[in-house]
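The structure displayed is predicted, hence computed values, not measured ones. Every number for a ligand or one of its atoms is a count from 1 in the order of the listing.
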Amino acid sequence: MTTELRATVHELVQKGKGILAADESGPTIAKRFKAIGVESTEENRRAWRSLLLATPGLGQYVSGIILYEETLGQRADGGDPVPQLAARQGIVPGIKVDAGKGPLALAPGDEITHGLDGLAQRLEGYKQQGARFAKWRAVYNVSGTLPSRAAIVANAEALARYAAVCQSLDVVPIVEPEVLIDGDHTQARCAEVTEDVLHEVFAALYRYGVALEHMLLKPSMVVPGKAQARQATPAEVAEQTLQVLRRTVPAAVPGINFLSGGQSPAEATANLDALNRRGPHPWQLSFSYGRALQEPAMQAWRGQAANAQLAQKALLQRAKLNSAATLGEYSASMEAAD
Ligand code: 5MM
């Protein structure tokens, strides 16, 4: 059993590579498409996601792609099932398996992620369709009092139970606790919450017997709230993020693949670069960006098949810059380069 998990981790955690998150749920992809004037139909979602994955050379910088359930069963433009196209590109296909978030009862402002019921059966099906890793996202709203202890404990418990089910079926779990960027909280408050959240997540993973060697962590970086007047430099983001990670994430975890969480594409790359310039670290620090990889490509595409090559060029450029950032070799001047 461990052989399969080990092989998948090995393929995902490669020097200079990261993960493309393309697992937006129905409402999220509709919001992203609306911003470029595209209707969220099944065909448009298929066209967009197969365009991304078919980008020539993407496998140089991207080791895995997180898909949404619908995409896993769709065919790419050439007629191949999407997971087969991924494999041809040298990219491991994965699947988002949480069923989304909702309010945590009696805890105003807190949210809990659903989807544990029937998870093992669903995962067996996804595996047959080609998925080799999975992802579950927990979200934490931040204020002076949020998230509550109840939300921190309940979400950690769900993340750990999900990860245990995945490993029991030889599927590598990506554990994604996202401390949200919304609000005017300080970077210090984000650090406090992130430390609390990660402590609880790793305590729960231990309780459920999850093998840390066979999972990946997908956290948010330690940044101030978007509405906070005092924003942080990449050096400050790197220092605070590393302090929290060193205090909470065991060295047995092979890879930490950050989410971008509302940072601009250039910010997300600069912050990842600053993190890696402070290496070596016990874990490989890389990306699992959604918006920060897709945004420029989506702006180029705008729903027009004629723009496909431009969109792919934009995606490849972002992936290349983030690859440089995983090595601590990015500089802002590379943004201008063709
Ligand atoms: C791509 O979006 C993922 C699914 O989000 P929803 O369930 O809200 O639709 C999300 O989990 C994503 O993988 C992470 O947030 C990373 O994406 P960003 O855009 O934050 O890098």
Side-chain angles (χ1 to χ4, degrees), residues 12 18-36 40 45 48-49 52-53 61-72 91-103 111-115 131 133-142 155 158-159 162-163 172-182 190 194 197 201 216-223 225-226 237 241 255-272 275 285-299 315 318-319 321-322 325-326:
L12 287 172
I19 294 171
L20 168 61
D23 59 315
E24 298 87 354
S25 59
T28 306
I29 193 71
K31 194 161 108 191
R32 307 268 184 269
F33 276 4
K34 195 169 174 209
I36 53 160
S40 181
R45 294 190 294 270
W48 171 241
R49 286 157 170 168
L52 291 175
L53 192 53
Y61 311 117
V62 168
S63 59
I65 182 167
I66 313 173
L67 301 168
Y68 190 57
E69 186 180 30
E70 173 189 79
T71 322
L72 194 65
I91 296 175
V92 183
I95 176 81
K96 165 209 190 70
V97 298
D98 65 68
K101 58 193 171 57
E111 297 183 281
I112 181 76
T113 303
H114 303 291
F133 71 96
K135 194 205 78 175
W136 177 292
R137 171 170 169 254
V139 300
Y140 306 86
N141 289 301
V142 182
N155 277 297
L159 280 165
Y162 137 81
V172 169
I174 295 191
V175 170
E176 181 181 5
E178 176 172 6
V179 175
L180 292 174
I181 202 173
D182 308 307
C190 180
T194 308
V197 161
V201 166
L216 299 179
L217 179 70
K218 175 168 173 168
S220 36
M221 294 178 193
V222 175
V223 293
K226 251 204 149 122
V237 172
T241 303
I256 298 181
N257 292 63
F258 293 97
L259 58 91
S260 57
Q263 297 179 38
S264 73
E267 270 170 355
T269 310
N271 288 336
L272 180 62
L275 280 155
L285 298 186
S286 185
F287 57 90
S288 174
Y289 294 161
R291 282 164 285 181
L293 276 172
Q294 292 188 47
E295 247 171 42
M298 216 178 241
Q299 288 298 333
L315 173 67
R318 238 19 283 155
L321 295 176
N322 282 302
T326 66

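Near Arg291, meaning under 4.0 Å from one of its heavy atoms, ligand 1 places the atoms 18 (P), 19 (O), 20 (O), 21 (O). Contact atoms of ligand 1 toward Ala21: 13 (O) (distance under 4.0 Å to a heavy atom of the residue). Per-residue contacts place Ser260 under 4.0 angstrom from the following atoms of ligand 1 (heavy atoms of the residue considered): 18 (P), 19 (O), 20 (O), 21 (O). For ligand 1, the atoms lying closer than 4.0 Å to a non-hydrogen atom of Gly261 are 18 (P), 20 (O), 21 (O). Of all atoms in ligand 1, listed by their number and element, those nearer than 4.0 Å to a heavy atom of Glu24 are 1 (C), 2 (O), 9 (O).
Ligand 1 has a nitrogen or oxygen under 3.5 angstrom from a nitrogen or oxygen of Gly290. Every N/O-N/O distance between Tyr289 and ligand 1 stays at or above 3.5 Å. Not one N or O of Ser288 is nearer than 3.5 Å to an N or O of ligand 1, by distance alone. Residue Ala292 has no N or O atom closer than 3.5 Å to an N or O atom of ligand 1.
Asp98 pairs by the side chain to side chain contact (heavy atoms under 4.5 Å, CB included) definition with Lys96, Thr113, Trp136, Arg137, not counting sequence neighbours.
When Lys135, Glu295, Glu178 are ranked by how near their heavy atoms come to atom 12 (C) of ligand 1, first place goes to Lys135. Residue nearest to atom 9 (O) of ligand 1, selected from Ile19, Thr28, Leu293: Thr28 (by heavy-atom distance).
Between Glu24 and the options Lys31, Arg49, Arg45, a side-chain hydrogen bond (donor to acceptor under 3.5 Å, both in side chains) holds for only Arg49. The one candidate from Leu259, Leu159, Thr194 that meets the side-chain contact (heavy atoms from CB on, under 4.5 Å) condition with Pro177 is Leu159.
In this structure the side chain of Phe287 never reaches within 4.5 angstrom of the side chain of Ile19, judged on heavy atoms. Between Lys135 and Asp23, the closest side-chain pair of non-hydrogen atoms falls below 4.5 Å. Counting heavy atoms from C-beta on, the side chains of Val237 and Val222 never come closer than 4.5 Å. Looking only at side-chain heavy atoms (C-beta outward), Ile66 and Ser288 come within less than 4.5 Å of each other.
Proximity of Lys101 to ligand 1 is not established, as no heavy-atom distance is less than 4.0 Å. Contact analysis leaves Gly100 out of contact with ligand 1, as no non-hydrogen atom separation drops below 4.0 angstrom. Not a single heavy atom of Ile66 lies less than 4.0 angstrom from ligand 1. In this structure, Glu176 counts as a contact residue of ligand 1, since one of its heavy atoms falls inside 4.0 Å of the ligand.
Between the side chain of Ser286 and the main chain of Asn257, no donor-acceptor pair closer than 3.5 Å is present.
In the model, Arg291 has no side-chain atom that pairs as donor or acceptor with a side-chain atom of Ser264 under 3.5 Å.
Of all protein heavy atoms, the one lying nearest to atom 1 (C) of ligand 1 is Asp23 OD1, 3.2 Å. Looking only at protein heavy atoms, the nearest one to atom 4 (C) of ligand 1 is Lys96 NZ, 3.3 Å.
Here the straight-line distance linking atom CD of Glu178 with atom CG of Asn155 works out to 12.0 Å at 0.5 Å rounding.
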